[in-house]
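Owing to the predicted nature of the structure, the values given are computational and were not obtained by experimental measurement.
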2 protein chains.
Amino acid sequence: MEQSTRTAELFRSRGLRCTPQRFAVLDFLLRNPAHPTAEEIFLEINRADPRASRATIYNNLRTLIEAGLVREFAQEKRSARFGAQVEKHHHFICERCGRIEDIDWFEVKGIPRAKDLGPHTVREYELVLRGVCQACSTPRRKKTSKTQRST
Amino acid sequence: MEQSTRTAELFRSRGLRCTPQRFAVLDFLLRNPAHPTAEEIFLEINRADPRASRATIYNNLRTLIEAGLVREFAQEKRSARFGAQVEKHHHFICERCGRIEDIDWFEVKGIPRAKDLGPHTVREYELVLRGVCQACSTPRRKKTSKTQRST
DNA sequence: TTATCTGCAAACGCTTTGCATCGGA
DNA sequence: TCCGATGCAAAGCGTTTGCAGATAA
């Protein structure tokens, strides 16, 4: 109730109303570092206030992401992408067209050891680079960029 | 026509029939390093053979993934996950329960320079570690693992 | 010949949207 | 007061599945 005032002001400073549902979403994410799914967030908030709806949770997640207060993870683009290279490799993702390119494997120095990770066991790792690919950064004619669906 | 024979044998060696559609999927992925979506693969294959259906493309992608010939990217689990930590950080993903944990940011030595990446511009990067989290590797009672939807 | 695979259409799961109502500032 | 936010239900999209007919081996 100090923290909550701060959150309320955070919202206002971005032109957002501080509604109970909106507050609950951010509050829950701040307390829960395990990257819950929208459904989990909904279940939690709906438990406290059974009138809270899925639509509102989803809407607020979008709103908070646009406001830079929340981050979405593991959904680079709408649909899954596939590749025939099955050996270890890193990835480059174009933020404009969604294209994913493989980067030849190389070891990364300084991967956290078990002790730094807590008790988790790491089986594999990869580096994900994000940026703009050549096709998208070249302001030529039509561009080859759009790799999205087109039906 | 040499290459294709090799692919056919690859299939057979894993107990898979070599159908035109299945061949086309793997062939397309081998030729196309840009990690196309299922829809893109469908459009391409359907253009050559208008009878090829989406269902078959999807089925074959699953089959090929199970056979270890194809890899799926950027779809850790079914639904998106969210977090309130908006600063740079790395991620640990539990392969059993899908939980995603933030790892405090640290620079990684040896990120490919522009020259090695071709003409792409890297804006940011992150390390993605995959393994088994403590909760899932501890064979205790009920386990806290299941973080999936539960409706 | 026959188990596997295909195409179709319907089902599914997650997410977004249209719209009437509600309520924070 | 009044515009933004909410809840509901329905639509959207990507993906999976049940089933009858087709086909690789």
Side-chain angles (χ1 to χ4, degrees), chain A residues 4-5 7-26 36-43 45-46 48-67 70 72-82 98 147-151, chain B residues 4-5 7-26 36-43 45-46 48-67 70 72-82 98 147-151:
Chain A
S4 54
T5 308
T7 302
E9 269 157 25
L10 231 183
F11 284 158
R12 264 176 241 122
S13 74
R14 320 223 171 188
L16 298 175
R17 281 190 190 167
C18 180
T19 67
Q21 294 89 334
R22 179 119 81 211
F23 179 85
V25 170
L26 184 56
T37 62
E39 182 68 13
E40 289 163 358
I41 300 169
F42 164 73
L43 288 174
I45 292 177
N46 184 265
D49 173 7
R51 274 182 32 85
S53 72
R54 275 190 185 78
T56 298
I57 303 303
Y58 276 104
N59 286 338
N60 274 322
L61 282 170
R62 286 288 149 245
T63 305
L64 293 174
I65 288 169
E66 273 160 34
V70 164
E72 184 171 10
F73 185 75
Q75 195 81 341
E76 295 308 341
K77 285 289 168 187
R78 280 336 304 279
S79 38
R81 286 172 175 275
F82 304 87
T147 315
Q148 259 48 296
R149 113 187 293 260
S150 38
T151 313
Chain B
S4 53
T5 308
T7 301
E9 269 158 26
L10 231 184
F11 285 157
R12 264 176 240 122
S13 74
R14 319 221 172 191
L16 297 176
R17 280 191 190 165
C18 181
T19 67
Q21 296 88 334
R22 184 168 293 161
F23 179 86
V25 169
L26 184 56
T37 62
E39 180 68 14
E40 288 163 358
I41 299 169
F42 163 72
L43 287 175
I45 292 177
N46 184 264
D49 173 7
R51 273 183 33 84
S53 72
R54 275 190 186 77
T56 298
I57 304 303
Y58 276 103
N59 286 338
N60 275 322
L61 282 170
R62 286 287 150 247
T63 304
L64 294 174
I65 288 169
E66 272 159 34
V70 164
E72 183 172 10
F73 185 76
Q75 196 83 339
E76 296 307 340
K77 283 290 168 185
R78 283 333 306 275
S79 39
R81 287 173 175 274
F82 305 87
T147 315
Q148 256 51 292
R149 114 188 291 263
S150 37
T151 313

Rounded to whole angstrom units, what separation is found between the [atom1] atom of [X] and the [atom2] atom of [N]?
X     : N      : atom1 : atom2 : answer
B/F42 : C/dT6  : CZ    : P     : 14 Å
A/R14 : D/dG4  : CZ    : P     : 19 Å
B/F11 : C/dA3  : CZ    : P     : 22 Å
B/E66 : D/dT16 : CD    : P     : 10 Å
A/F23 : D/dG4  : CZ    : C1'   : 19 Å
B/R22 : D/dA24 : CZ    : C1'   : 10 Å
B/I45 : C/dT6  : CD1   : C1'   : 13 Å
A/L16 : C/dG24 : CG    : C1'   : 13 Å

Fill in: Set of residues satisfying side-chain hydrogen bond (donor to acceptor under 3.5 Å, both in side chains) with respect to A/T63, sequence neighbours excluded
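Residues passing side-chain hydrogen bond (donor to acceptor under 3.5 Å, both in side chains) with A/T63: none at all.
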
Discussion item. Quick check: any donor-acceptor pair below 3.5 Å linking the side-chain of A/R12 to the base of C/dA25?
Written reply: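 Flag unset: no donor-acceptor pair detected.
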
Fill in: All side-chain contact (heavy atoms from CB on, under 4.5 Å) counterparts of B/E66, not counting sequence neighbours
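Expected list: none.
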
Worksheet item: Taking all atoms of both residues into account, what is the closest heavy-atom pair of B/F42 and B/A52, and its distance?
Response: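 That would be CE1-O, 3.3 Å.
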
Think [X] has a side-chain N or O under 4.0 angstrom from the OP1 or OP2 of [N]?
X     : N      : result
B/R17 : D/dT23 : no
A/Y58 : C/dT15 : yes
B/T19 : C/dT4  : no

Report each atom pair, protein N/O against N/O of nucleotides 7-10 of chain C, whose distance is under 3.5 angstrom.
| residue | atom | partner | partner atom | Å |
| --- | --- | --- | --- | --- |
| C/dG7 | OP1 | B/Q21 | NE2 | 3.1 |
| C/dG7 | OP1 | B/R51 | O | 2.7 |
| C/dG7 | OP1 | B/A52 | N | 3.4 |
| C/dG7 | OP2 | B/S53 | N | 3.2 |
| C/dG7 | OP2 | B/S53 | OG | 3.1 |
| C/dG7 | OP2 | B/T56 | OG1 | 2.4 |
| C/dG7 | O5' | B/R51 | O | 3.4 |

Practice prompt. List the steps, then state whether side chain to side chain contact (heavy atoms under 4.5 Å, CB included) holds for B/I41 with B/Y58.
Written response: CA-CA 9 Å; B/I41 299 169; B/Y58 276 103; over 6 Å; no

Can I get a per-line list of side-chain donor-acceptor pairs under 3.5 Å for residues 14-22 of chain B, giving both atom names and the distance, sequence neighbours left out?
| residue | atom | partner | partner atom | Å |
| --- | --- | --- | --- | --- |
| B/R14 | NH1 | B/A67 | O | 2.5 |
| B/T19 | OG1 | B/R22 | N | 3.1 |
| B/R22 | NE | B/N60 | OD1 | 2.8 |
| B/R22 | NH1 | B/R17 | O | 2.9 |
| B/R22 | NH2 | B/N60 | OD1 | 3.2 |

Practice prompt. To the nearest 0.5 Å, tell me how far A/N46 CG sits from A/I57 CD1.
Written response: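 A/N46 atom CG to A/I57 atom CD1 measures 8.0 Å (nearest 0.5 Å).
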
Worksheet item: Quick one: CG on B/L26 to CZ on B/F23, what's the gap to the nearest 0.5 Å?
Response: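 Rounded to the nearest 0.5 Å, the CG-CZ separation comes to 7.5 Å.
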
